[in-house]
Amino acid sequence: MPEIGYIVNDFLSDLSNSILPLVVFVTGVLVAIILGRLSRRLLIAAGVPGGVEGTTFERTVNRLGTSTIGLLSGLITLFLIALAVGLTLSIGGVLDTRYYLELLRGYLLQVFVAALVVIIGLIVGDKAEVEIKQRFQDVKLTEVSLLPPAVKYSILFVASLIALAQLRIETGALLVVLGGYLLGIIVLGGLAFKDLLAAGAAGIYLIFSEPYAIGDTVDIDGHRGIVQEVDLFATRIENDGEEFILPNHIVLRSGVVRIRT
Amino acid sequence: MSGLGEVVTNLVADVDAVFLFSPSTANYESIVAESDVPVVVVAAENTVGTESFIELPIQFKEIKERIRFGLEGGMDQEYIDTGTIVLCSMGLFSDGIDSVTRVRAGEFTHTGIYDLFVNSRAEPSVIRNVLEVVIGLGKKGQKGKPVGALFVVGDAGKVMNKSRSLSYNPFEKSHVHVGDPIVDVMLKEFSRLDGAFVISDSGKIVSAYRYLEPATEGVDIPKGLGTRHMAAGAITRDTNAIAIVLSESDGLVRAFSGGELIFELDPEAY
């Protein structure tokens with residue numbers, strides 16, 4: 001008789017040993033699917049579909065039969081299912097719990113974040129390209145068409161740097177390239193936009209304090225006439241037959257003589 | 001049926017140019033592919049990406065007005081001249097092309113409506129925005145009552161020197177432009193004030209409450225229009241501005257340039 005007791009005991013312990021991982025696994029998968037759905041709704045509520053519309057990435061993904069949102073929520077679901085599988089295996093005793101935690105803390109999370117960064121980088125890059133293209137649609141200058149791709153690839157470059165750093169791949173050389181690139185932009189951009197920046201800063205003062213208004217007769221730097229327009233960068237004054245377009249920093253530097261009539 | 005076919009064939013026979021009013025891309029491409037005469041697109045936006053394009057600032061409900069605007073634009077940009085026979089095609093009842101009309105470009109007397117929009121000092125979009133505000137005012141009035149209004153657009157510095165303030169300027173030190181969302185309401189409120197609105201070349205609202213003091217001698221505007229129209233006509237002759245007037249008595253919108261009435265339209269029809 002004690003034999004039957006052993007068998008029952010064995011059976012019960014086997015059952016409990018296999019039921020617990022099973023329950024964990026099923027719950028994990030369910031949670032993963034629910035969270036995937038939830039994140040999908042959150043993304044839709046945040047206006048992501050409208051934001052990614054028209055980007056190359058969205059179109060490519062569409063051709064593969066899904067959408068950006070589907071991809072993102074799918075990624076989240078997949079990550080959570082991987083977690084559940086790992087948990088199940090470690091409870092079932094197949095995988096060492098320490099290994100599991102290591103995996104969780106380490107590589108799995110990194111891959112997930114890296115994938116997310118790459119996707120977001122692709123979308124933001126595409127979106128920036130589309131936006132800039134639309135902004136410059138009316139400018140009939142061929143050189144302008146160089147700008148959108150430059151911005152796009154800069155964003156992709158930064159995104160891939162972050163992703164590679166996540167995967168703990170050596171990015172030192174790429175960082176040097178990025179540094180040189182940024183330095184070039186700042187130095188050259190600063191030089192190129194020096195006057196525009198100065199005019200803009202002076203323009204803010206002129207617009208807010210309005211020392212002279214449209215219709216006033218003024219003398220600025222030897223140019224005398226009626227003020228026709230004051231915008232952020234320039235002041236237009238006009239007399240009979242001449243129109244002066246004066247950058248605002250010149251206005252501020254030379255001072256303004258208001259002529260009373 | 002055969003008789004009608006001949007009429008249509010005669011319509012399209014030896015035309016010198018084709019004007020397409022707001023065509024779809026498919027329509028445009030098939031017509032350009034088969035046509036051996038210049039094809040000009042007249043639309044609010046250049047959606048088909050053509051070289052010969054005339055921007056339609058407002059959707060004239062009156063077809064004649066729309067064609068007139070297109071033809072004047074065509075002559076101004078030298079796609080056609082007065083002797084050109086033009087075939088105009090447009091969607092009258094649907095979005096596709098459903099009507100065709102044949103017209104000689106010199107058929108209309110030159111009113112300068114195209115000039116008013118494109119060759120004024122102020123930017124075309126500014127003039128369009130002002131016109132939209134005025135049409136809106138004409139439709140609804142101020143709290144249901146008909147109102148009159150006078151907008152002087154462009155050459156603001158000179159206009160300010162040819163006018164004086166009736167009271168404090170509510171737009172002093174403000175930086176609103178026509179077309180900003182909040183401005184519609186503001187202009188509607190201020191339209192009950194007497195005097196003119198002055199708007200700069202770039203659309204900034206410079207002042208309300210202005211009493212215009214141009215020399216009115218020799219200004220020739222149609223009989224029966226009041227002092228508001230007289231002031232509008234005169235200020236556009238004295239300066240390079242244009243004026244858009246909403247009449248309080250008959251509710252029509254009129255535009256003046258160079259001291260002359262350029263066009264009038266009924267806001268109810270838009």
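Because the structure is predicted, anything quoted here is derived from the model rather than measured. Reminder, nothing fancy here: chain letters follow the sequence lines and each chain counts from 1.
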Undergrad: Would you mind telling me which of B/V159, B/V206, B/D155 makes a side-chain contact (heavy atoms from CB on, under 4.5 Å) with A/Q228?
TA: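 Testing A/Q228 for a side-chain contact (heavy atoms from CB on, under 4.5 Å) against B/V159, B/V206, B/D155 leaves exactly one candidate, B/D155.
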Undergrad: Starting at CG of A/D240, measure out to NZ of B/K158 and round the result to the nearest 0.5 Å.
TA: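 Reported to 0.5 Å precision, the distance equals 6.0 Å.
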Undergrad: Quick check: are there more than 12 heavy atoms from other residues, nucleotides or ligands sitting under 6.0 Å from CD of B/E260?
TA: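 Counting other residues, nucleotides and ligands, CD of B/E260 stays at 12 neighbours or fewer.
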Undergrad: More than 12 non-hydrogen atoms from neighbouring residues, nucleotides or ligands closer than 6.0 Å to NZ on A/K127, yes or no?
TA: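 Enclosed: over 12 neighbouring heavy atoms sit under 6.0 Å from NZ of A/K127.
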Undergrad: Would you mind telling me which of A/I226, A/I214, A/D216 has the largest number of heavy-atom pairs within less than 4.5 Å of chain B?
TA: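 Between A/I226, A/I214, A/D216, the count favours A/I214.
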Undergrad: Using a cut-off of 6.0 Å, state whether more than 12 heavy atoms not belonging to B/I182 lie near its atom CD1.
TA: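 No - once you tally the heavy atoms of other residues, nucleotides and ligands closer than 6.0 Å, there are 12 at most.
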Undergrad: Look only at the side chain of A/E229 and the backbone of B/S200, and say whether a donor-acceptor pair between them is shorter than 3.5 Å.
TA: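 No, the answer is negative, given that no donor and acceptor are paired below the 3.5 Å cut-off.
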Undergrad: For the CZ atom on A/R224, are there more than 12 heavy atoms of other groups (residues, nucleotides or ligands in this structure) within a distance under 6.0 Å?
TA: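 No, the 6.0 Å shell around CZ holds no more than 12 heavy atoms from other groups.
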Undergrad: Would you say B/N119 has more than 12 foreign heavy atoms packed within less than 6.0 Å of its CG?
TA: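 More than 12 heavy atoms, drawn from other residues, nucleotides or ligands, come within 6.0 Å of this atom.
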Undergrad: Where does A/I237 contact chain B at under 4.5 Å (heavy atoms): side chain, backbone, both or neither?
TA: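 Nothing of A/I237, per the 4.5 Å heavy-atom cut-off to chain B.
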Undergrad: Check whether B/D201 gets within reach of chain A through its side chain, its backbone, both or neither, counting any heavy atom under 4.5 Å.
TA: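 Interface part for B/D201: both.
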Undergrad: How long is the straight-line distance from NE2 of B/H175 back to CG of A/D231, given to the nearest 0.5 Å?
TA: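 Going from CG on A/D231 over to NE2 on B/H175, the span is 11.5 Å.
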